[in-house]
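Only one structure is covered here, and it is reproduced in the block below.
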Amino acid sequence: MARSPVAITPFWPGAAAAALVLLLTIGTLAAVAWRAKWDAGLSVADWAAIRFTIVQALVSAGLSVVLAIPVARALARRRFAGRQMLITLLGAPFLLPVIVAVLGLLAVFGRGGMVNNALTGLGFEPISIFGFHGVVLAHVFFNLPLAIRLILQGWLAIPAERFRLAATLNASVWRMLEWPMLRAVAPSTFLVIFLICLTSFAVALTLGGGPRATTVELAIYQALRFDFDLGRAALLACVQFALCVMAAAVVWRISLVDGMGAGLDRVVQRWDTDRPVLDYIFIAAATVFLLLPLSMVVLRGLPGLFDLPTSIWAAALRSVIVAIGSAMLCVAMALALALRGGALVSVIGVLPLAASGLVVGTGAFLIVFPFVRPSDVALIVTMLVNATLALPFALRAVAPAVAAVQSDFGRLAISLNLTGWSWVRIVVLPRVRRPLGFAAGLAAALSMGDLGVITLFAGQAQETLPLAMYRLMGAYRMADAAGAALVLLALSLALFWICDRGGRADA
């Protein structure tokens, strides 16, 4: 037994999962690098796209972190009815399909939105949401909740004993406790959000506003979809991958560990809770900013919900099928990798973070193009890529639970000769149902809202609901797009709830 209960698990599922991840990350990158026009170099437009991508990611991440700090501090200092529900609600934009959120932002800040109606009513010129500021606004909307959650965890992790010590010394809590915590948490939070904004595609596609607001991923899409320039698309995909790897390396390098010691899990008591009005203003402003676009999606989608064309319901069915398949594959890979364990598996599990969906999609396009029409395998490739891209999040949820089962029951299983599939079926699965359900729900919701890989492969007969929504918006059929957005929102949240609830039932 020695080191390990891992020996009692079957070998080939983990090896197969690792091989599939390597194929869809390193393999697709190799295909991209093989077709890249290295001698052609980057054009002026390509360099402009690279600059825009980096600048918008820096500004978006910076604003998200700066705005999140006072909100997270207010939530850490105050206790009020509904506080826990509000904190939970702050995670909703991560599950929200990007195209739905964009439609909500257009309803608030667009040409006919609430803000512009108010401005024109007061005699001012309307503002445009398209271009650099629109992309930044959308990224802040998506990532402000994530920044709040990450920074709030840093605040809640400060032990009660440190607050008691600060009160005893009559020292500034901000200078003694909060500022050192922010120095450790904020840089890594900034860089994680920077990486997310670096690989954003749907936001730039819908709000980019022309050549002056084009990201690298959007340039890849244009090179493939409109110019069919495989060499230029491959070169840009390599540039995108290099940017992601550098950002991921900086995230890993800059992550700091709190070396001040742990507490005794006492309830935190704070004596620095002055200026409550200011704290509640920050909380209220963040809540309105996050919930108003979602409310507008519901209000604008209800009138056209029952007049949607038949193609929308067909696209919705395709999205559900792809989401369920992607979730099942993602959970199977996460469980197989978690059962194998080890440092190499951990590295393989985070590889998809360095590969954006469009880079993986470009590589897959180049691999299948000589053999079959890309549209014939659009849904299968989308399912595979979505499962792989959701794997790091699923593995983060499943791996600790599997490790705990192996630690608690591994020796007993060895003594009873309970190995292989019997070990997995009888011991592991019943005890990891909750994280498996959560991981499946997360993967399904992320797949439902995907508007990346499918844009490279799908024709009219293979479009999913997010792609159908985007095409309705491009045709200025905003009423139909609003109804489709409500359907997409409901399906995404329903799939997450069903999977998560199924994992919790009788666990």
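Along the sequence shown, residues carry numbers from 1.
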For the pair [X] (side chain) and [Y] (backbone), establish whether a donor and an acceptor sit closer than 3.5 Å, ignoring hydrogens and angles.
X	Y	result
N116	I127	yes
E463	R318	no
Q56	F132	no
S326	V322	no

I want to check something: taking the side chain as every heavy atom from C-beta on, are [X] and [Y] in contact at a cut-off of under 4.5 Å?
X	Y	result
I129	L106	yes
L337	L391	yes
P309	R477	yes
L465	L317	no

Out of curiosity, [X] [atom1] to [Y] [atom2], how far, rounded to the nearest 0.5 Å?
X	Y	atom1	atom2	value
I312	D307	CD1	CG	12.5 Å
L294	L299	CG	CG	11.0 Å
L137	L207	CG	CG	8.0 Å
I69	S64	CD1	OG	11.0 Å
L105	L292	CG	CG	9.5 Å
F496	L491	CZ	CG	15.5 Å

So among [options], which one has a side-chain contact (heavy atoms from CB on, under 4.5 Å) with [X]?
X	options	answer
I148	L75, V65, T189, N143	L75
L24	L20, I26, V21	L20
F142	I193, V203, I196, L290	V203

I need the full list of side chain to side chain donor-acceptor pair (under 3.5 Å) pairs touching residues 378-393, with sequence neighbours left out, sorted by first then second residue. N386-S447
Looking only at heavy atoms, which two atoms of [X] and [Y] are closest? And how far apart?
X	Y	value
A439	V398	CB-CG2, 4.1 Å
L488	P466	CD2-CG, 4.0 Å
C330	A387	SG-O, 3.6 Å
A61	F194	CB-N, 3.7 Å
V140	S60	CG2-O, 4.0 Å
A364	T28	N-CG2, 3.8 Å

For side-chain contact (heavy atoms from CB on, under 4.5 Å), just list the numbers for L103 and R300, CA-CA rounded to whole Å, side-chain angles, deciding distance to a tenth of an Å, and then say yes or no. CA-CA 10 Å; L103 197 64; R300 292 199 171 187; over 6 Å; no
Write out all pairs satisfying salt bridge (charged side-chain N to carboxylate O under 4.0 Å, His left out) with one or both partners inside residues 43-61, taking only residues at least two apart or from two chains. D46-R232
Counting only heavy atoms not in L302 (residues, nucleotides, ligands), do more than 12 fall under 6.0 Å from its CG? yes
Tell me, yes or no, whether the heavy-atom count around M478 atom CE, taken from other residues, nucleotides or ligands under 6.0 Å, exceeds 12. yes
Evaluate T214 against Q222 for side-chain contact (heavy atoms from CB on, under 4.5 Å), listing each step before the verdict. CA-CA 10 Å; T214 298; Q222 292 168 345; 4.1 Å; yes
Please lay out, stage by stage, how I151 and R73 fare under the test side-chain contact (heavy atoms from CB on, under 4.5 Å). CA-CA 8 Å; I151 296 174; R73 186 169 188 257; over 6 Å; no
Residue pair F438, L442: steps toward the side-chain contact (heavy atoms from CB on, under 4.5 Å) verdict: CA-CA 6 Å; F438 173 79; L442 187 61; 4.3 Å; yes
